[in-house]
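Counting begins at 1 with the first residue of the sequence.
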Amino acid sequence: MTTSPLTEQTVTPAETPLLSGPLPQGHEALTPLDITHQTFGRRALGYDRGAVRAFLERVAGRVEALLHERQALRERLSTLERELEERRQSEDEIRRAVVAAERIGHDLRENAARQCELMLSQAQAECEARQQAAEARLAELEAAHAARMHELELSYRDRLAELEQRHHDLTLERDRAHAERTTYLDRAYSERHAELSARLSAVRNEYAQFVSQYRALMQSFSELSARHLPAPDDALPTTAPVTILHETAPLGSEDVRRGEGGRLPLVEQTFA
């Protein structure tokens, strides 16, 4: 039960007219324009006229939308009925097309099966031919590889023998050069040792002669000094020590070191 905003009477849903469908018997057609221009009598303690007018306008707008929707639905229904009729008319053609398609599909399957068998046989033959060619190519490559390996092995052996011979020759050459160098150094050492030994002997002889001469000179000087001694009362002037420089070499050394100009080093000896 709902209360209508237009009157104080209550209206049940069954009593409300369905505007989107055909009107019930005994009722006139109701349009949005009729709802908009509907007027009501005045009574005490009645409804707000502005609210009633606004509600009527809302109801009129909704009714108009429903009418437009009904018209669109009718047009859609007509279109669908036409499409259904067209589809019913084309259903036989579709059935015939389906039967023809099934027959064509059956023929195509048979043709495809035969074509597949033919292609499989051709592929099998081609596969066998390629396998035989691959086996022949593999045998050829293996033979070429074996020949190449044999050639490389022979080349390796020849190169190894050549390098071993070269190493042997280089070893002999090195040993010969080392022996020659050792012989040369031994000979040079012997000659130098003999030369230095001879020079050392000569220096020692010179030193012995110098020492003997020096001793003879000192002996003569001592004799002359003893012969010409002054009187005890005579006072002789104090004389400075006498320094004599002479060339000499250390006894027992194998090498004689010379000074500048190739001369023997000078030895300083002082006499009081």
Can you find a pair of side-chain heavy atoms, one from [X] and one from [Y], that are under 4.5 Å apart?
X	Y	answer
Leu172	Arg176	no
Met149	Glu153	no
Gln219	Arg215	no
Leu170	Arg174	no

Problem set entry | Leu67-Val59 co-clustered via ILVMFWY side chain contacts under 4.5 Å | yes
Rounded distance (nearest 0.5 Å) linking atom [atom1] of [X] with atom [atom2] of [Y]:
X	Y	atom1	atom2	result
Arg192	Ser197	CZ	OG	10.5 Å
Glu75	Leu77	CD	CG	11.0 Å
Ser90	Arg95	OG	CZ	10.0 Å
Thr171	His167	OG1	NE2	4.0 Å
Gln131	Leu138	CD	CG	11.5 Å
Glu126	Ser121	CD	OG	11.5 Å

Exercise. Do Glu164 and His168 have side-chain atoms, one donor and one acceptor, less than 3.5 Å apart?
Worked result: no
Is [Y] paired with [X] through a side-chain N to carboxylate O contact shorter than 4.0 Å?
X	Y	result
Glu85	Arg82	no
Glu117	Arg114	no
Glu91	Arg87	no

Exercise. For His106 and Glu110, what are the C-alpha separation, side-chain angles and deciding distance, and is it a side chain to side chain donor-acceptor pair (under 3.5 Å)?
Worked result: CA-CA 6 Å; His106 180 70; Glu110 292 181 352; 2.6 Å; yes
Problem set entry | Stepwise side chain to side chain donor-acceptor pair (under 3.5 Å) test for Asn205 and Gln209 | CA-CA 6 Å; Asn205 293 330; Gln209 292 177 5; over 6 Å; no
Problem set entry | Donor-acceptor contact below 3.5 Å, side chain Ser155 vs main chain Glu151 | no
